[in-house]
Amino acid sequence: MNLNLSSQIALMDIPQKFYNPTTAVERSEMTRMEKVPTDIFPNIEQAVIHIADAVVKEILTKQNEGKFCILGLGTGTSLTPVYRELIRRHKEDKISFSNVVVFNAYEYFPLKDVSNHSSISQLKERFLNHVDIDSQNIFTPDGTIKQESIHSYCNLYEQRINTLGGIDIMLLGIGRSGNIATNEPGSTRTSATRLMLLDALVREEMTLSFNTNEPVPPCAITLGIGTILSAKKIFLTAWGEEKADMIAHTVEGRVSDVIPASYLQTHNDAHVVVDLMAASKLTRIVRPWLVTSCVWTDKLVRSALVWLCKITNKPILKLTNKDYNENGLSELLALYGSAYDANIKVFNDLQRTITGWPGGKPNANDSYRPEREKPYPKRVLVFSPHPDDDVISMGGTIQRLVKQGHDVHIAYQTSGNIAVGDEEVMRFMHFINGFNQLFDDNKDDSIRTKYQEIKQFIRNKDVGDLDTKDILTIKGLIRRGEARTACTFNKIPLNKVYFLDLPFYESGKIEKLPIGENDVKIVMDLIKRIQPHQIYLAGDLADPHGTHKKCTDVVLAALIECVKDNQEEWINQCRIWMYRGAWAEWEIENIEMCVPMSPEELLAKRKSILKHQSQMESAPFLGNDERLFWQRAEDRNRATAQLYHSLGLPCYEAMEAFVQYKIFL
């Protein structure tokens, strides 16, 4: 069972030569905008093998020479699959790491002790404890030392590296602020090992690898930029769309302390290794016409013209032959004969994505509509990773589907319980306790006892303590109640609202359990029971905590299992639409259905989002975006409408966008 199908989602058919050139000349042409050698792989597995090959080769070379191999290692989540592959080679291929010396890239500060919440403990858990590296050959900054000793300690750490001849291979991930190790924006190229104050964005990101609800300490002792650049070879890894912008800045932007990873451009043997999604903003992937001759698909033509409109500040139908020729798109003139013919083709394509009938319009010619006319009404199943993603991402579309007579079902995949603040629990417990005192004729003390127990726990709760099962249950109930209220507001019967509580989510921590067959079976059983004509699911895989991706993987795996289980007849008639909204929006060149909203409809969407009161100002996980979720949704929906209008299409208040997913076995 493939549980990582979302990583194979390709919004555009990217020719292999763009990411895997076959000749040196072809590679030179493709990578002309890139200032760091960059290897792009279609999936993480192939990328990891490439890095592991280089590391193992260096280890074996040093073994043959009777020397130590010095590795500098980060602990970011992007390196975890690399470590898994190295462990596999140790166990299955009998590769020895006995001559390896490790320098940990950073350690949190201050630490009370070297516990499970330290960087070195993570590195040991993910890699070092599973191979035969001598414990005496493992060096790490000490997060427990006194602050006044840090300067001399950091100098000693540098001396140890130099004494051993320097780092042979440095393995790094890249943070959302462009940091490498914990060198934040503002770090200089010559900086050495030192204490760094971490900003909120870095600390939030590191919480994912901290494997606990305990907050990351405010500082870290980190290898400096200068120390990293002194390594003989450097690999920088990144996976997924959420890292695409930073990879583009690192590889193609200017060297700047604003993006510390950009200093890798000054190294003579640095390599960036990414999957296609992380490479999606590099020129050879997103704007290949600027570096090579293209095979012009419909989507690529649309992408090129939308880009041309932006840089010329013109609507589509005003683009001229001169605009094409001056901006590297003369191939399109040869293909279409004139700017006008290309313009009208793309204009019509974009216009046909707009529909006020997301379930299809009855008794209408649907030849050019995103959705088919029949069957009508349709059974519609909306999967929502958290109990508010449905209204945040497609609240206007849900209201239209209901209003137009379709049979709408909503499935909330996770409880969302860790995203509820303790004050919400106490607010509801105060109500229950008061209600019990007023109306319980039996004067049952069980509610009062439970109230005191929970109140005492929350009062004594330290930052980072895991909630009790009772508190998690209450938090889950709060989110269920809010979801039901929003569904009622949207006129969806509560017997068509499902709370799946997928097991992978119930770790009680930010980092979730791996998804498994039990998760898939729960979703598959629901799909088989409803047999929908339309499925909506999250395509918003930039969710920093990874829940959206796992929820999408579960649905896609369930659909594949349905096909294998001889359910082709109805599943072949089911259209699958991916939405975004909470964390990002679809690029216009990829949009296949766009549902407009009037001012009144946008206001109704806002009201449905506001039913989720626990996710307003006090929500624990709003990310690095200061806007509340309803504000993000409105801003993105308005921006999509404005973009359509700037291209010369009708002007709407707001629009929700969708991309179709097609099942391939």
Can you name the residues that form a side chain to side chain donor-acceptor pair (under 3.5 Å) with N365, not counting sequence neighbours?
S367
So the salt bridge (charged side-chain N to carboxylate O under 4.0 Å, His left out) pairs with at least one residue in residues 480-489 (sequence neighbours excluded) are R480-D501
Any side-chain heavy-atom pair from M593 and T355 closer than 4.5 angstrom?
yes
So, using side chain to side chain contact (heavy atoms under 4.5 Å, CB included) as the criterion, who are the partners of A238 when residues are at least two apart?
I174, K243, I247, V274, A278
Under the rule for ring-ring contact (aromatic ring centres under 6.0 Å, His included), what residues qualify as partners of W307, not counting sequence neighbours?
W289
Not counting sequence neighbours, which residues clear side chain to side chain donor-acceptor pair (under 3.5 Å) with T237? List them please.
S78
Salt bridge (Lys or Arg N to Asp or Glu O under 4.0 Å) assessment of E85 paired with R89
CA-CA 6 Å; E85 175 63 15; R89 295 192 185 201; 2.8 Å; yes
Check step by step if side chain to side chain donor-acceptor pair (under 3.5 Å) holds for Y579 and D389.
CA-CA 10 Å; Y579 59 74; D389 288 310; 5.7 Å; no
Any donor-acceptor N or O pair under 3.5 Å, side chains T353, Y644:
yes
Can you list everything that forms a salt bridge (charged side-chain N to carboxylate O under 4.0 Å, His left out) with R27? Sequence neighbours excluded, please.
D39
In terms of heavy-atom contacts, L350 and R302 come closest through CD2-CD, 3.6 Å
I want to check a possible cation-pi pair here: R352 against Y368, using under 6.0 Å from ring centre and within 45° of the ring axis as the test.
yes
Sub-3.5 Å donor-acceptor pair from the side chain of E592 to the main-chain atoms of Q660, do we have one?
yes
List the residues meeting ring-ring contact (aromatic ring centres under 6.0 Å, His included) with F658, not counting sequence neighbours, and say none if there are none.
Y536
Is a side-chain donor-acceptor pair under 3.5 Å present for S280 with E241?
no
Using a 6.0 Å cut-off, check whether atom NZ of K345 has over 12 heavy atoms from anything other than its own residue.
yes
Begin from the C-alpha positions of S415 and E506 and carry the test side chain to side chain donor-acceptor pair (under 3.5 Å) through to its verdict.
CA-CA 8 Å; S415 66; E506 300 304 322; 2.9 Å; yes
Residues in side chain to side chain contact (heavy atoms under 4.5 Å, CB included) with D245, at least two apart?
K281
According to ring-ring contact (aromatic ring centres under 6.0 Å, His included), who are the partners of H386, at least two apart in sequence or on a separate chain?
H548
Report the residues that fulfil salt bridge (charged side-chain N to carboxylate O under 4.0 Å, His left out) with D519, sequence neighbours left out, ordered by chain and then residue number.
none
Pair W577, E371 - check side chain to side chain donor-acceptor pair (under 3.5 Å), show working.
CA-CA 10 Å; W577 294 101; E371 258 295 355; 2.9 Å; yes
Can you find a side-chain donor-acceptor pair between N637 and E634 that sits under 3.5 Å?
no
Among all residues two or more places apart in sequence or in another chain, which pass the side chain to side chain contact (heavy atoms under 4.5 Å, CB included) test with P81?
I44, V48, R84, W239
Could I get the full list of ring-ring contact (aromatic ring centres under 6.0 Å, His included) partners for H130, not counting sequence neighbours?
none
Could you tell me which non-hydrogen atom of S608 sits nearest to which non-hydrogen atom of H612, and how far apart they are?
O-CD2, 3.6 Å
